[in-house]
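Here is how names work: the chains are called A, B, and so on, in the same order as the sequence lines, proteins then strands, and each is numbered from 1. Values below: all heavy atoms of this structure, side chains included; hydrogens, waters and symmetry mates excluded. Model, not experiment: these values are computed from the prediction.
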2 protein chains.
Amino acid sequence: MRHVAALAGVGVKTVSRVINGEPNVSAATIAKVEAAARTLDYQPDLHAGNLRRADGRTRTLGLLVGSVDNPFSGAVHRAVEDAALARGVSVFASSLDDDPAREQEAVSAFLRRRVDGLILTTITESQAYLAPELRRGTPVVFVDREPAGITSDAVVSDNADGAALATRHLLEHGHRRIAYLGDRHGIQTARERHRGYLDELGRAGVSTRDQHVVEGLHDEATSQAATLALFDAPSPPTAIFSSQNLVTIGVIRALRELGRQHDTALVGFDDVPLGDLLDPGVTVVAQNPQQIGRTAAERIFARLDGDTAPAARSIVPTRLIVRGSGEITPRTEG
Amino acid sequence: MRHVAALAGVGVKTVSRVINGEPNVSAATIAKVEAAARTLDYQPDLHAGNLRRADGRTRTLGLLVGSVDNPFSGAVHRAVEDAALARGVSVFASSLDDDPAREQEAVSAFLRRRVDGLILTTITESQAYLAPELRRGTPVVFVDREPAGITSDAVVSDNADGAALATRHLLEHGHRRIAYLGDRHGIQTARERHRGYLDELGRAGVSTRDQHVVEGLHDEATSQAATLALFDAPSPPTAIFSSQNLVTIGVIRALRELGRQHDTALVGFDDVPLGDLLDPGVTVVAQNPQQIGRTAAERIFARLDGDTAPAARSIVPTRLIVRGSGEITPRTEG
DNA sequence: CCTATCGATGACATCGTTGTCAAGGCGACA
DNA sequence: TGTCGCCTTGACAACGATGTCATCGATAGG
C-alpha cells in the first residue's frame with residue numbers, strides 16, 4: 001500500500017479510502033490511485049487490515065467434515081461454500097476422519113487463523129473445550145452430529161426418525177429378521193440410528209434380541225466382511241439396515257459376492273452415488289446434505305449479524321427413496 | 001498476548017518466546033506463561049505474527065478445483081489436505097464451476113488472504129494475470145488443466161494418451177462407429193481428449209468424418225439428452241467414448257432408458273463411483289486424483305523450500321479399468 | 001576481587017492496514 | 001470581503017505479533 005501511495009503521489013490513508021470505496025475522495029485522486037494499484041498489481045492484505053478494523057472480521061470460515069472426499073461431506077461443503085461466496089467469505093475445509101486428535105488440531109488451526117465462525121463435525125467425547133471461544137463470540141454450528149458437553153447451534157438429520165422409517169419400510173415388506181450394520185456406539189449419529197431401529201422394532205412388537213447387530217463399521221471393507229460373516233452364521237437376516245453410505249456399499253458388495261442381492265432386502269441410511277442405476281436399485285433414507293450445509297452457513301451468518309437467540313437444533317428431514325432393494329420380500333425358505 | 005503477559009507477570013516478548021518454543025527462557029518462566037496461556041485459553045494470532053515474521057508465511061494454501069462435490073475434485077482435495085496437514089498448513093478450498101469470473105474471484109480472495117501457494121484448476125483463456133504474483137514468489141501449480149499464457153508447474157493426467165487408450169480399446173473390440181461426447185473445445189482437457197480420440201482413429205485408418213462428435217457437455221442432463229439424440233439420428237454409434245465422469249453417467253442413464261446398455265459399448269474418461277457394481281460394469285480410463293493432489297502439494301512445498309528448477313509438467317498416468325461396458329462388441333444389424 | 005561471558009528478559013520499532021483527528025482549500029452566503 | 005462549513009487529504013496511533021538490541025545478574029576465569 002505504501003508503494004501504491006508513493007506511485008500515486010498521495011498518502012496511504014487515501015489509498016486505503018480508494019481501495020475500500022470510502023466516500024470523499026476526488027475523482028482525480030481515485031483515478032490516480034487505481035492506476036497505481038493496477039500498475040503494481042496491488043492486492044490489499046486482508047489480515048493486516050483486520051488487525052485494526054473495527055469489526056475484526058477475517059471473512060473466513062472453518063469447516064470440518066467427515067472427509068472432503070466423501071459425497072455427503074462434499075455436498076455439505078459445496079452448500080457452505082456457495083452461501084459463503086455470496087458474502088465474500090472464504091472457507092477452510094478439513095477432514096475429521098473420526099480422529100479426535102485431528103479434530104483438535106483442525107479447530108486449533110482455524111482459531112489461530114481467526115476464522116469468523118466454525119462449522120464442525122466432531123468426534124471428541126465432549127466439545128467443552130470450545131466454551132471459551134464461544135464466550136469470545138465466535139459462532140459455532142455443529143453439523144451432522146450434535147454437540148456434547150456444550151450448548152450451541154446444530155444442524156442435523158433426524159437420525160432416529162430416519163432409521164425408524166427405514167426399519168418400518170422393511171417391516172412392512174414382511175421382514176422380521178432385520179440386521180443392523182453401523183458404526184460404533186461412541187458416534188452420536190450411529191447411536192441415534194441404532195436407537196431408531198430398535199424403537200421401531202419395539203413398536204412393531206418384534207423381538208430385538210434375536211436381531212443381528214454389528215457395530216464399529218465405517219468403511220466398505222469392514223462392512224463387506226461383516227455382511228459375509230452374517231450369512232455364515234445361523235439364521236441369517238432376510239433384510240439389512242445399513243446406517244451409513246460406505247457401510248451400505250460394503251453390504252452391496254457382499255450381497256453380490258454371495259449372489260443374494262435379489263433375495264435379501266437392503267435399506268441404507270444416507271444416499272449412495274448412482275444408487276438408482278444399480279440392480280437392484282438401492283433403497284435409502286436420504287439425507288439432505290445441501291440443506292444441512294446451507295442451513296449451517298445461514299446460522300453462522302445470522303449469529304455474525306447479531307442474532308442472539310438461544311442455541312437451537314435444526315432438524316433436516318430425511319426422505320425415503322424407493323428403488324428396489326428395500327422392497328424385496330423375505331425368502332420363504334428362511 | 002498482552003493479557004497473558006500481564007497475568008504471567010512477564011513481558012510480551014517472553015510470552016512470544018514461550019509460545020514459539022524459542023530457547024533461553026527459564027523453566028520457571030515457561031511454566032508461568034503456559035499456565036497463564038491455559039487460563040486465558042490463549043490462541044496466538046498467526047496473521048499478526050506474519051506481519052513481522054521474517055519468512056512471511058501464513059501456512060495457508062489456496063486450492064481451486066472443479067467443484068468440491070465432484071468425486072474427482074474431492075479426491076484431489078483430500079490428497080492436498082493430507083500433504084498440507086503434515087506441514088501444519090491449512091487449505092482454502094473453492095469450486096470453479098467452469099466460470100471465469102468465479103476463478104478470478106477465488107484467486108483474488110486467496111491472494112488477499114496471502115496464501116503461501118496456489119493450486120489451481122482454471123477456465124480463463126489465459127492465466128497471464130498471475131504473472132505478477134508468480135514474480136513475487138508465490139508458487140502456483142496448475143492441476144487437471146495446463147496453464148495458458150503463463151509458465152508454471154502443472155500436474156495433469158495424460159489426457160490425449162488416455163483418450164487414445166479408450167478409443168483403441170473400443171477399436172480392438174471391433175467398433176468403427178465410435179461417438180465422442182465431451183465438454184466444449186475451450187476446455188483444455190476436453191480438447192486434449194478429443195485430440196487423443198481423433199489421433200487414435202486416424203492411426204487405425206478409421207474415418208474421423210463419419211463419427212458423431214458432441215461437445216459442450218458438462219453435466220448429466222445435457223449428456224443424457226445428447227445420447228438420446230444420437231440414437232434418434234441415422235446410423236447411431238455402436239460405441240461411445242465419454243470424456244468426463246458426469247458425461248459418462250448421463251450416457252449410462254440414456255442407454256438404460258433406451259434399453260441399449262448391453263448392446264452399445266461405453267468407455268468413460270475418469271472413474272465413476274460404484275462403476276464396478278453397475279450392470280454392465282463401466283469400463284473407464286481412470287485418472288489418479290490422489291496422486292495428482294499429492295504431487296501438486298509436493299511441488300508447492302518444494303518451491304516454498306527453495307526449489308528453483310524450471311517449471312515442469314508432471315504427467316500422472318491413466319489406467320484402463322475393464323469392467324464390461326467397454327468390451328461389448330458391435331451389433332451385427334448396425 | 002575484578003572482568004569477560006552468557007543466559008534471561010523486556011523496551012521498542014516494525015509489519016500493512018484502518019480509525020481518529022486536525023488542517024488546508026474552496027465555495028457559499030451574509 | 002470575512003466567516004462558516006464542507007470536502008479532501010494526510011499525520012499518527014493502534015491492532016497483535018516478532019526481530020533487534022540493550023540491560024541486568026549470575027557465573028566462570030584470571
Separation of Asn24(A) atom CG from dT9(D) atom P, in whole Å? 9 Å
Beyond-backbone contact of Thr189(B) with Asp144(B), side-chain heavy atoms, under 4.5 angstrom: yes
Under 4.0 angstrom, heavy atoms only, what part of the nucleic acid is Arg17(A) near: base, sugar-phosphate, or nothing? base
Do any side-chain nitrogens or oxygens of Thr29(B) fall under 4.0 Å of OP1 or OP2 in dT9(C)? yes
Taking for each residue the nucleotide of DNA chain C bearing the nearest heavy atom, is the 5' side occupied by Asp55(A) or by His47(A)? His47(A)
Quick one: Lys32(A) NZ to dT8(D) C1', roughly how many Å, whole number? 11 Å
Starting at atom CZ of Arg2(A), determine the distance to atom P of dG16(C), rounded to an integer number of angstrom. 6 Å
Determine whether a donor-acceptor pair (one donor, one acceptor, N or O, separation below 3.5 Å) exists between the side chain of Arg52(B) and the base of dT14(C). yes
Is Ser16(A) near enough to dT17(C) that one of its side-chain N or O atoms lies under 4.0 angstrom from OP1 or OP2? no
Given dG10(D), dT9(C), dT17(C), identify the nucleotide with an atom nearest to the side chain of Met1(A). dT17(C)
Could you tell me whether the phosphate oxygens of dT8(D), OP1 or OP2, come under 4.0 Å of any side-chain nitrogen or oxygen in Thr14(A)? no
Which of the following nucleotides, dT17(C), dG10(C), dG19(D), is nearest to the side chain of Ala54(B)? dG19(D)
From the options dG16(D), dG16(C), dG19(D), select the nucleotide whose nearest atom is closest to the side chain of Ala48(B). dG16(D)
Quick one: Lys13(A) NZ to dG10(D) P, roughly how many Å, whole number? 12 Å
Just to be sure I understand the rule, does Pro23(B) reach a base, reach only the sugar-phosphate, or reach nothing, if contact means heavy atoms closer than 4.0 Å? nothing
How far does CG of Leu130(B) sit from OG1 of Thr124(B), to the nearest 0.5 angstrom? 7.5 Å
Does anything in residues 2-22 of chain B pair up under side chain to side chain donor-acceptor pair (under 3.5 Å), and if so which pairs, sequence neighbours excluded? none
Would you say Gln127(A) and Glu103(A) make side-chain contact, with heavy atoms under 4.5 Å? yes
Would you mind reading off the distance between Ile19(B) atom CD1 and dA17(D) atom P, rounded to a whole angstrom? 9 Å
Figure out the CG/C1' separation between Leu51(B) and dT17(C), and round it to whole Å. 8 Å
Find which nucleotide of DNA chain D each of Gly11(A) and Gln43(B) is nearest to by heavy atoms, and output the residue with the more 5' nucleotide. Gly11(A)
Mind checking ring pair (Phe, Tyr, Trp, His ring centres under 6.0 Å) for Phe301(B) and listing every partner two or more places apart, or none if nothing turns up? none
Between Glu81(A) (side chain) and Ser95(B) (backbone), is there a donor-acceptor pair under 3.5 Å? yes
Pairing donors with acceptors under 3.5 angstrom, does anything connect the side chains of Thr295(B) and Arg299(B)? no
Could you state the atom-to-atom distance from CD of Glu22(B) to P of dG10(C) in whole Å? 14 Å
If we fit an axis to the first five pairs and another to the last five of the helix from dC1(C)-dG30(D) to dA30(C)-dT1(D), what angle do they make, to the nearest 10°? 50°
Heavy atoms only, 4.0 Å cut-off, all strands: where does Asn20(B) land among base, sugar-phosphate and nothing? sugar-phosphate
What is the separation between atom CG on Leu46(B) and atom P on dA17(D), rounded to the nearest whole Å? 10 Å
Looking for any heavy atom pair under 4.0 Å, which part of the strands does Val15(B) touch: base, sugar-phosphate only, or nothing? nothing
Do any N or O atoms from the side chain of Arg113(A) and from the backbone of Phe92(A) form a donor-acceptor pair under 3.5 angstrom? no
